[in-house]
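Worksheet: the structure to be examined is printed underneath.
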Amino acid sequence: MYAVETLNLTKIFRPARNMFSLKSPPVKAITALYQLNLQIRKGEIFAVLGPNGAGKTTLIKILCSLITPTSGTALINGYDVIKDEDKIKSLIGLVIGEERSFYWRLTGRENLEFFGVLHNLSLREVRKKAEAIMELLEIEDPDKRFHEYSTGNKQKLALARCLLSNSEIIFMDEPTKSLDPGVASRLKKFIKEVLVEKGKKTVFFSTHMIQEAEELADRIAIMDKGLIKACGSLNELKVNGDSLLDLFNRVTAKRGARIAI
Amino acid sequence: MLFEKVWLFLKRDFLTTSSYKFAFFWDAAGIIGTILTFFFIGELFKNSHVPLLDQYGGDYFSFVIIGVAFSSYLGSALGNFGGVIGNEQGLGTMEALIMTPTRVSTILVAGSVWNLLFTTLRVACYFLVGIFFFHMDLKMTNLPAIITILTLSMIPFISLGIISASFILAFKRGDPISFLFHGASKFLAGAFFPLGILPLWFKKLSLFIPLTYSLRALREVLLAEGTMKELWPELAVLLLFSIILFPISLKCFKVALKMAKQQGSFCQY
């Protein structure tokens, strides 16, 4: 059984028409994902690499049961993301890079306690775990209000929140976005050594940074306009002697129109 | 576990509210301002006989404070759930909450507790200030009737609140339920004046608003010592509203949740 599996996964967004403007043209449906097939093994670090608007975030949100696919199937440890939503939520964690996903007027510690209890842990357990995780991630000033945190500290707190739930599979949407190179490098080391090698977790992350995918992932899928253009380990992708950057430029340069529906 | 979740929501909301230093102060000032306004309007009519107020003891001040206090209380039950969703969407925390194994219904209820407690405190302030400083005459003898009216009033308002939350979840803004049942119902249900003063077609409209029956029953009990037997027509209508609205509200919420997931719009506002 795969940790993550998708079968012909398709998502089409149909934006609402502006009903107050008679002149507005008919709104086109947007195909965010088209017939995606992926299999990610347990304990693997898998990267989805793609330019902005490739469909990376939509894919992660479908796998986290936050968006319903239009057709196809997505399975987490064999559980369907639509039918088995409750089971899936106890298996997965999502590191939301969006800093607005925290309560700005609460401290880092208060935020962790709040979300930890919502993950069905007792307050006592959360306090103990949060302390250990904050130490592990070297989160500075946990009793400062969230809005006073540096970007790096905010991102660490997002990871800490995810680790509280002790999920088997961790999804990360652009985990090192806006981080300085030093913090980004330590975070990548933490993901590889602590989460995957020691913790035996599966990590699925999206990025638009080629170097990040190269350094961190066991396998990489290059995605553009809702399609998987190439997928494999770094060695498999470099089979023609191309660098990952060359391959990325080549497969994402074939910019046809989005798939018409 | 549920208790701890509710406690953490309460703590979160207390810390957030108290971090805005002047919010408490202006809220208290608002209560005093409302009471003073209606006290002086009451003073204006004190020596003139208003037949429409006879059944409620003839005192406009007591009549209007009950109307204002309870309509804001029930209105808060209506606006609470939509407020929770709108607030989380605005803050950007909605997805982080939905990602937890805690059910959306628990998030809605626990997220509303602080506001409900705060509104209860506000209502208590209206009455305490009215009784101790402006000699408001309330007959608190029939406590079981008061509790029954409040309970039966809460169910239709909470149901309307869930429908309102469904609109916000699905369409973000432009929720018609809050407009119709929160804004207009204060006017149509007679929060500020006896319904007898309204033209006939307005009176007919007021029959479709649960607040009309809640206020009529509460005023009967608190101002005219009405008994359960005298109140049963109002209680029966409130029960009917509850039976009809509650299942509809749950269905609406289910549909709205499905729509939000299809649009991927939990964090949009």
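All chains are named by letter (A, B, ...) in the order of the sequence lines, taking the proteins before the strands, and each is independently numbered beginning at 1. Predicted model, so just to flag it, every value in this text is computed and none were measured. Worth knowing before you read on, the calculation uses all heavy atoms, side chains too, and leaves out hydrogens, waters and symmetry mates.
At least one side-chain heavy atom of A:Glu85 sits less than 4.5 Å from a side-chain heavy atom of B:Lys261. Counting heavy atoms from C-beta on, the side chains of B:Met99 and A:Ile92 come closer than 4.5 Å. Contact check for A:Tyr103 versus B:Thr93: side-chain heavy atoms found under the 4.5 Å cut-off. B:Lys5 places a side-chain heavy atom less than 4.5 Å from the side chain of A:Asn120.
Ranked by heavy-atom pairs under 4.5 Å with chain B, the first of A:Gly93, A:Ser90, A:Ser165, A:Ser122 is A:Ser122.
Of the charged side-chain nitrogens involved, at least one lies within less than 4.0 Å of a carboxylate oxygen, so that A:Glu113 and B:Lys11 count as a salt-bridged pair.
With a threshold of 4.5 angstrom between heavy atoms, A:Phe13 approaches chain B through side-chain atoms but not through N, CA, C or O. Contacts of A:Leu123 with chain B are made by both backbone and side-chain atoms, with heavy-atom separations under 4.5 Å. Using a 4.5 Å cut-off between heavy atoms, A:Lys87 makes no contact with chain B at all. If you measure heavy-atom distances from A:Ile62 to chain B, you find no contacts under 4.5 Å at all.
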**Item:** Criterion side chain to side chain contact (heavy atoms under 4.5 Å, CB included) on A:Phe115 and B:Leu97, from CA distance to verdict
**Value:** CA-CA 8 Å; A:Phe115 285 104; B:Leu97 289 176; 3.9 Å; yes
**Request:** Show your reasoning for whether side chain to side chain contact (heavy atoms under 4.5 Å, CB included) applies to B:Glu95 and A:Lys61.
**Result:** CA-CA 10 Å; B:Glu95 278 186 350; A:Lys61 286 189 176 179; 2.8 Å; yes
**B:Phe9 vs A:Leu118, side chain to side chain contact (heavy atoms under 4.5 Å, CB included): CA-CA, chis, key distance, verdict** = CA-CA 10 Å; B:Phe9 269 97; A:Leu118 293 189; 3.7 Å; yes
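When atom types are taken as modelled, the side chain of B:Arg12 and the backbone of A:Leu106 share no donor-acceptor pair closer than 3.5 angstrom.
Counting non-hydrogen atoms of other residues, nucleotides and ligands closer than 6.0 Å to NZ of A:Lys128 gives a total of 12 or fewer. When the shell of 6.0 Å around CZ of B:Phe202 is examined, it contains more than 12 heavy atoms from other residues, nucleotides or ligands. Counting non-hydrogen atoms of neighbouring residues, nucleotides and ligands closer than 6.0 angstrom, the OH atom of A:Tyr2 reaches no more than 12 such neighbours. No more than 12 heavy atoms of other residues, nucleotides or ligands shown are found within 6.0 angstrom of OH on A:Tyr79.
Atom-to-atom distance recorded for B:Lys258:NZ and A:Ile82:CD1 is 9.5 Å, nearest 0.5 angstrom. From B:Gln263, atom CD reaches atom OG1 of A:Thr68 across 10.0 Å, with rounding to the nearest 0.5 Å.
Defined by atom type and a distance below 3.5 Å, a donor-acceptor pair is present between the side-chain atoms of A:Arg105 and B:Ser19.
When all heavy atoms of A:Ser101 and B:Ala96 are compared, the closest pair comes out as O-CB, 3.9 Å.
Proximity to chain A among residues 100-109 of chain B is limited to B:Thr100, B:Pro101, B:Thr102, B:Arg103, judged by heavy-atom separations below 4.5 angstrom.
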